[in-house]
Amino acid sequence: MSLSAQQTLASLTKLKETLSGEVACPGDEGYDYGITRWSDSCVKQAAYVVFPKSNADVSEAIKFAREQSLDLAICGGGHSFAGSSSTEGGVVIHLGKYINYARCDPEKRLLYVGGGATWEIVDKVGMEHGLATVAGNVNHTGVGGLSLGGGYGWLTGRYGMTVDNIVQLTVVLASGEIVTANEKEHPDLFWGCRGGGCNFGVVTEFVFKAHPQRPTVFVTYLLYTIDKLESILNAVGEWEENQGPDEGLHWGCHRPGTPTLLIIYFYNGEAAEGRKKAKMFYDVGALEFLAHHSTRVPFPDYFDNMLGPASERATEELPSRSILVTSHLLPATVEAIQAVLQAQEELIKIHPALVRSGLMFEASPKQAVMAVPLEATAYAGRGSGVEGMVFSFYQDPSLDDVVRTEVRQWAKIMTEKTPFAESVGTSYANLDPEAASSDAAKVFGSNYQRLREVKRMYDPENIWNKWHPIQPAELPN
Ligand SMILES: Cc1cc2nc3c(=O)[nH]c(=O)nc-3n(C[C@H](O)[C@H](O)[C@H](O)COP(=O)(O)OP(=O)(O)OC[C@H]3O[C@@H](n4cnc5c(N)ncnc54)[C@H](O)[C@@H]3O)c2cc1C
């Protein structure tokens with residue numbers, strides 16, 4: 001064994017002895033779990049996966065990676081579309097196995113959440129006290145990545161972005177130091193983490209504001225034949241003009257088979273009231289009639305499967321790879337949607353396996369998001385408009401390159417025919433499949449210079465170089 005191999009082994013043995021958690025190497029039990037991600041296209045072969053149980057464990061993992069000059073990745077819920085929580089040959093700090101708790105302080109209306117938790121547990125624990133925060137729309141998404149990159153969900157219309165609801169963070173820095181960040185302690189770090197993603201360290205605990213939440217919400221899930229496209233666009237337009245802060249709308253076009261229009265309407269209130277508010281969608285006539293389902297659901301379950309197979313974790317029956325590109329758009333036009341559907345049909349003719357290709361628009365009321373000044377947090381996407389997404393879900397890795405190229409092309413068609421909405425970035429930073437090669441100056445707009453300064457203070461050697469990497473500012477002469 002060479003000296004350096006011996007040294008590595010000695011360091012690994014020391015790490016294993018020091019940790020209260022575990023380390024898995026290729027072939028070890030737990031390793032496959034540690035590198036699995038929501039989309040198989042984001043799986044990378046790490047050299048080590050560390051499953052910390054404490055802040056001190058996270059610190060040790062960072063020191064080990066730095067001593068060995070290994071790349072570092074942080075994994076929360078593993079839902080990144082860009083592979084930002086994976087590393088080829090480096091060290092993954094995987095928070096999901098052990099640091100995945102949520103607890104509630106109902107007196108102070110606060111939720112304390114481990115950096116590797118998913119939203120499911122946060123919803124359950126909060127609702128035991130009739131409280132909730134702004135979670136994602138799907139409850140298996142990780143709290144970590146979603147919150148640090150902005151975060152929106154069904155409660156955004158009322159309470160803004162997830163970052164607007166963070167009151168404190170515990171962060172393990174590149175130096176291994178464990179710090180508390182809030183408005184008073186490390187305020188620059190607190191500012192930077194709220195929108196700056198994983199650029200500043202490992203967040204082991206989030207503290208969120210919790211808001212009173214009724215136990216049931218109204219959700220309606222409507223399917224229409226594609227010839228209703230124009231009527232649906234008119235109904236969406238009418239809804240957008242009248243939307244209130246307790247509503248939410250997702251709509252789009254799904255396959256397999258003949259494209260089907262889908263409306264998911266959400267109202268955080270009584271069912272009878274919700275039905276009235278969604279009248280324009282019923283009036284279209286869901287229904288030469290593919291399905292029509294309206295329900296009053298308990299709040300913690302409200303997003304389970306609401307987005308259909310596309311949101312479920314991969315199973316043997318469902319495609320396990322996904323590529324999705326999003327743009328921050330004004331309301332779509334019939335022409336734009338038809339052009340994208342046509343391009344998708346042409347691709348499906350050549351590659352029938354890409355039959356689960358479609359598009360989706362996510363429209364949360366934006367007043368609460370835009371009421372927060374742009375410079376209040378690092379999050380830079382506080383514009384009007386909707387997130388317009390084009391995507392393909394598939395199984396075969398040999399199609400990765402084709403899908404990547406085509407999905408980008410569909411996004412281009414969409415944006416050429418639908419103007420961008422007023423916003424700093426052109427898309428939501430958490431949904432950029434090519435985040436690693438993005439232009440951070442564009443993503444963070446007028447907040448970028450300050451982010452560079454904060455990066456220099458907390459990660460001058462740029463060891464956190466995933467997601468949208470921020471270049472540390474140069475030292476003054
Ligand atoms: C099915 C699905 C539904 C989605 N719905 C929504 C939605 O409704 N609203 C929304 O805003 N977004 C949504 N997203 C996008 C989501 O915000 C991103 O995928 C986000 O990256 C998920 O976070 P994660 O912790 O699961 O991901 P991961 O892949 O674990 O991490 C993503 C990034 O965050 C970093 N990170 C994660 N945890 C931590 C931590 N504790 N400390 C420091 N860095 C960390 C990682 O290093 C990585 O760079 C959805 C994504 C999917 C796949």
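Predicted, not measured: the structure shown is a model, and the values here were computed from it. Just so you know, these numbers use all the heavy atoms, side chains as well, and skip hydrogens, waters and symmetry mates. Count residues from 1 along the sequence. Remember, it's 1-based here, ligands and their atoms both numbered in the order they're listed.
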| note | A student checking ligand 1 against V138 at a 4.0 Å heavy-atom cut-off should list atoms 3 (C)
| In this structure, are over 12 heavy atoms from other groups packed under 6.0 Å from K44 atom NZ? | yes
| query | If you measure every N/O of Y152 against every N/O of ligand 1, is any gap under 3.5 Å? | reply | yes
| task | For a side-chain hydrogen bond (donor to acceptor under 3.5 Å, both in side chains) with Y265, tell me which candidate from E247, H250, K277 qualifies. | result | E247
| field | Numbered atoms and elements of ligand 1 in range of G142, under 4.0 angstrom, heavy atoms | value | 23 (O), 24 (P), 25 (O), 26 (O)
| said: Aromatic contact between Y48 and F64, with the criterion being ring centroids under 6.0 Å apart: yes or no? | reply: yes
| Can a cation-pi geometry be assigned to R456 and Y458, taking NZ or CZ under 6.0 Å from the six-membered ring centre and within 45° of the ring axis? | no
| query | Can you tell which of C198, G248, G144 gets a heavy atom nearest to atom 44 (N) of ligand 1? | reply | C198
| field | is_close_aromatic(H254, F391), centroid dist under 6.0 Å | value | yes
| task | Could you go through the salt bridge (charged side-chain N to carboxylate O under 4.0 Å, His left out) check for E120 and K124 one step at a time? | result | CA-CA 6 Å; E120 184 177 12; K124 287 207 168 113; 3.1 Å; yes
| Is there a heavy atom in G201 that sits closer than 4.0 Å to ligand 1? | yes
| remark: Counting heavy atoms under 4.0 Å, the part of V143 that contacts ligand 1 is neither
| Between G145 and ligand 1, does any nitrogen or oxygen pair lie at a separation below 3.5 Å? | yes
| request: Could you tell me whether K97 and E22 make a salt bridge, using a distance below 4.0 angstrom between a side-chain N and a carboxylate O? | output: yes
| message | Just to be sure I'm reading this right: ignoring hydrogens, which of N430, L95, V202 gets closest to atom 18 (C) of ligand 1? Compare them by their nearest heavy atoms. | response | N430
| Test ring pair (Phe, Tyr, Trp, His ring centres under 6.0 Å) applied to F281 and W251, step by step | CA-CA 11 Å; F281 302 120; W251 71 277; 9.2 Å; no
| note | For residues 156-172, the salt bridge (charged side-chain N to carboxylate O under 4.0 Å, His left out) pairs (sequence neighbours left out) are R158-D246, D164-R382
| task | Compare M161, R37, H79 and give the one whose heavy atom is closest to atom 19 (O) of ligand 1. | result | H79
| message | Given S85, A82, A135, identify the one with the heavy atom nearest to atom 29 (O) of ligand 1. | response | S85
| query | Side chain or backbone of W38 under 4.0 Å from ligand 1, or both, or neither, by non-hydrogen atoms? | reply | side chain
| field | Non-hydrogen atom of C75 closer than 4.0 Å to ligand 1 | value | yes
| Looking only at N/O atoms, are E362 and ligand 1 under 3.5 Å apart anywhere? | no
| message | Judged on heavy-atom distance to atom 12 (N) of ligand 1, which of V163, L148, L146 sits nearest? | response | L146
| request: Assess whether atom CZ of R255 is packed by more than 12 heavy atoms of other residues, nucleotides or ligands within 6.0 Å. | output: yes
| message | So if I count the atoms of ligand 1 from 1 in the order they appear, which ones are less than 4.0 Å from some heavy atom of S84? | response | 47 (O), 48 (C), 49 (O)
| query | Minimum heavy-atom separation for P397 to Q395, with atom names? | reply | CD-O, 3.3 Å
| request: For the pair D432 and R408, evaluate salt bridge (charged side-chain N to carboxylate O under 4.0 Å, His left out) and give the outcome as yes or no after the intermediate values. | output: CA-CA 11 Å; D432 183 344; R408 281 243 162 261; 3.7 Å; yes
| G151 near ligand 1, heavy-atom distance under 4.0 Å? | yes
| remark: Near Y428 (heavy-atom distance under 4.0 Å), the atoms of ligand 1 are 10 (C), 11 (O), 12 (N)
| message | At less than 4.0 angstrom from any non-hydrogen atom of W467, what atoms of ligand 1 do you find? | response | 49 (O)
| message | For W119 and F208: C-alpha separation, side-chain torsions, deciding distance, then whether ring pair (Phe, Tyr, Trp, His ring centres under 6.0 Å) applies. | response | CA-CA 12 Å; W119 287 108; F208 294 104; 5.6 Å; yes
| message | I'd like to know whether ligand 1 has W464 as a neighbour, heavy-atom separation below 4.0 Å. | response | no
| query | Quick one: which ligand 1 atoms are inside 4.0 Å of a heavy atom on G115? | reply | 41 (N)
| Would you find more than 12 non-hydrogen atoms of other residues, nucleotides or ligands less than 6.0 Å from K53 atom NZ? | yes
| Just which atoms of ligand 1 are under 4.0 Å from any heavy atom in I74? | 39 (C), 40 (C), 42 (N), 43 (C), 44 (N), 45 (C), 46 (C), 47 (O)
| query | Can a non-hydrogen atom of G78 be found less than 4.0 Å from any atom of ligand 1? | reply | yes
| remark: If we number the atoms of ligand 1 from 1 as shown, the ones under 4.0 Å from a heavy atom of G76 are 25 (O), 30 (O), 37 (C), 38 (N)
